[in-house]
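Throughout, a chain's letter reflects where its sequence line sits, starting with A, and its residues are numbered from 1.
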2 protein chains.
Amino acid sequence: MSYPSLQEYIKKIVDFKPVELDIITRCFRERKVAKGEYILRRGQVCRFEGFVTQGCFRIFITDHKGTEKVLYFAGRQWWVMDIDSFANQIPSELDIQATEDSILLVISREHKERLYQEVPKVERLFRIMSQKAVVAWQRRLIQNHTMNAEERYSHFVTNYPEIAESLTNKLVASYLGITQEFVSVIRKRRSINKD
Amino acid sequence: MSYPSLQEYIKKIVDFKPVELDIITRCFRERKVAKGEYILRRGQVCRFEGFVTQGCFRIFITDHKGTEKVLYFAGRQWWVMDIDSFANQIPSELDIQATEDSILLVISREHKERLYQEVPKVERLFRIMSQKAVVAWQRRLIQNHTMNAEERYSHFVTNYPEIAESLTNKLVASYLGITQEFVSVIRKRRSINKD
DNA sequence: GTCATTATTTAAACTAGTTTAAGAATTTTG
DNA sequence: CAAAATTCTTAAACTAGTTTAAATAATGAC
């Protein structure tokens with residue numbers, strides 16, 4: 001029960017001793033999540049951070065019209081949580097749902113706090129991880145600001161082919177911030193231009 | 001030369017001893033930046049992190065059409081850098097320019113690395129700061145996904161009144177992802193509705 | 001397996017926001 | 001303080017993407 005996938009991921013970021021790696025990964029527990037199941041609902045306080053070892057999750061918000069907007073997908077080796085709710089212990093505005101049968105390694109707030117004290121170098125791990133997250137968000141905003149819908153679609157399917165293929169057009173549309181009908185138009189345009 | 005504004009900011013996040021606070025702040029140097037001056041140009045590698053004690057900066061990207069898109073404004077007590085370029089030491093796609101006469105406390109990559117070794121608790125400081133940055137980016141994406149242009153405008157001027165007042169409509173437009181002409185339309189609509 | 005649900009495509013009418021252009025107001029600079 | 005440059009406003013024509021609707025295809029549930 002040492003979660004090799006998580007250990008591999010951590011080792012790439014900070015050079016821990018085997019015993020430290022063991023302490024860290026033992027703070028996580030494995031959770032199987034069926035396709036369609038929710039691991040966070042709007043209004044709840046997010047009490048976990050999750051590392052995806054199998055499958056995929058959608059993190060989305062529902063606007064005042066009732067339309068669901070996907071902020072991001074978390075595939076293998078991604079982290080999934082509402083960091084705003086988790087860090088500030090406030091009710092989440094987000095829902096998080098498995099888009100496939102998935103396996104998640106989860107750590108609770110209490111375990112994480114204890115871990116910071118037992119292995120201070122873990123601060124460095126999460127510092128670097130958070131920085132990577134900032135970079136990812138910054139890139140996403142840049143894409144939204146500098147590409148039109150068709151360019152964003154192309155970018156997504158070429159950069160995340162496995163995730164894109166596992167998703168319905170409706171979910172891809174929701175991530176790109178457009179309608180599923182317009183995704184259909186884009187796909188048609190692309191299939192014509194390929195010839 | 002102890003930079004009280006920076007010390008106040010840091011103390012709110014992590015409880016350092018006075019001597020540690022001193023070591024930390026001494027790694028920064030003050031830099032005055034005139035309105036209009038650039039502290040980072042597209043193509044350069046970002047070699048600093050800056051803490052704004054006075055004034056304001058715009059962090060923007062130029063799209064393929066030559067239109068400048070503001071990712072965010074950094075006012076007092078904000079951090080300013082291109083974290084993607086700084087962390088990965090790659091050429092930046094961004095420009096950073098002072099929108100007013102400003103004062104910045106800057107730390108170099110080398111000083112920062114040394115600081116992590118001298119005062120390991122600094123990892124915690126930057127871990128928490130990075131998490132706050134992630135929260136800010138997440139909120140910004142949510143706003144872009146769930147609000148129309150007029151709602152985003154209202155949200156910006158009510159949440160950042162001092163920054164909004166110091167900026168031209170053109171810069172506000174660029175931040176909101178709309179044209180300056182449409183900002184004019186929104187402002188007129190709002191002034192009519194007030195009566 | 002069949003029925004029901006959900007996803008996809010297509011197309012026409014529509015709208016939020018853009019583009020272009022030109023005059024008025026403000027700011028910057030020498 | 002006057003000239004030059006930039007910003008702001010207004011409006012008409014335009015367009016990227018939405019909405020509505022209806023038919024078809026695919027998926028899931030019992």
Please report the distance, rounded to the nearest Å, between CD in A:Gln180 and P in D:dT19. 11 Å
Taken to the nearest whole Å, CD1/A:Ile178 to P/D:dT18 is 6 Å
Think B:Lys65 has a side-chain N or O under 4.0 angstrom from the OP1 or OP2 of C:dT19? yes
B:Lys69 NZ - C:dG17 P separation (whole Å): 13 Å
Can a donor-acceptor pair be found, under 3.5 Å and without considering hydrogens, that links the side chain of B:Asp95 to the backbone of B:Arg42? yes
Distance check needed: D:dT27 P versus A:Lys170 NZ, whole Å only. 15 Å
Donor-acceptor contact below 3.5 Å, side chain A:Gln117 vs main chain A:Arg114: no
Just the rounded figure in Å: distance from C1' of C:dA16 to CZ of A:Phe182. 14 Å
Protein N or O to nucleotides 25-30 of chain C N or O, pairs below 3.5 Å:
residue	atom	partner	partner atom	Å
C:dT28	OP1	B:Lys35	NZ	3.1

No-hydrogen, no-angle side-chain donor-acceptor test under 3.5 Å, A:Ser154 and A:Arg190: yes
Given D:dT18, is OP1 or OP2 found less than 4.0 Å from the side-chain N or O atoms of A:Thr179? yes
Taking CD from B:Glu181 and P from C:dT20, how many angstroms apart are they, rounded to a whole number? 10 Å
Starting at CG of B:Asn169 and ending at P of C:dA24, how long is that distance when rounded to a whole Å? 19 Å
Checking contacts here: which listed nucleotide (D:dT19, C:dT20, C:dG17) is nearest the side-chain heavy atoms of B:Ala149? C:dG17
Between B:Thr146 (side chain only) and A:Asp63 (backbone N and O only), is there a donor and an acceptor less than 3.5 Å apart? no
Salt-bridge test for A:Asp22 and A:Arg26: reply yes if a basic N is under 4.0 Å from a carboxylate O, no otherwise. yes
Have a look at B:Gly177 and say if it touches a base, only the backbone sugar-phosphate, or nothing, with a 4.0 Å heavy-atom cut-off. sugar-phosphate
Looking at A:Glu37 and A:Arg31, does any basic side-chain N land under 4.0 Å from a carboxylate oxygen? yes
Is B:Asn148 close enough to C:dT15 that one of its side-chain N or O atoms is under 4.0 Å from OP1 or OP2 there? no
Just to confirm, is there a sub-4.0 Å distance from OP1 or OP2 of D:dT9 to any side-chain nitrogen or oxygen of B:Arg187? yes
Can you tell me if A:Ser184 touches the phosphate of C:dT10, counting only side-chain N or O atoms and a distance under 4.0 Å to OP1 or OP2? no
Checking C:dT8, D:dA21, C:dT19 against the side chain of A:Thr168 (C-beta onward), the nearest is C:dT8
For the salt bridge (charged side-chain N to carboxylate O under 4.0 Å, His left out) test, which of B:Glu118, B:Glu123, B:Glu49 pairs with B:Lys112? B:Glu49
Between D:dC8 (C1') and B:Lys188 (NZ): distance, integer Å: 12 Å
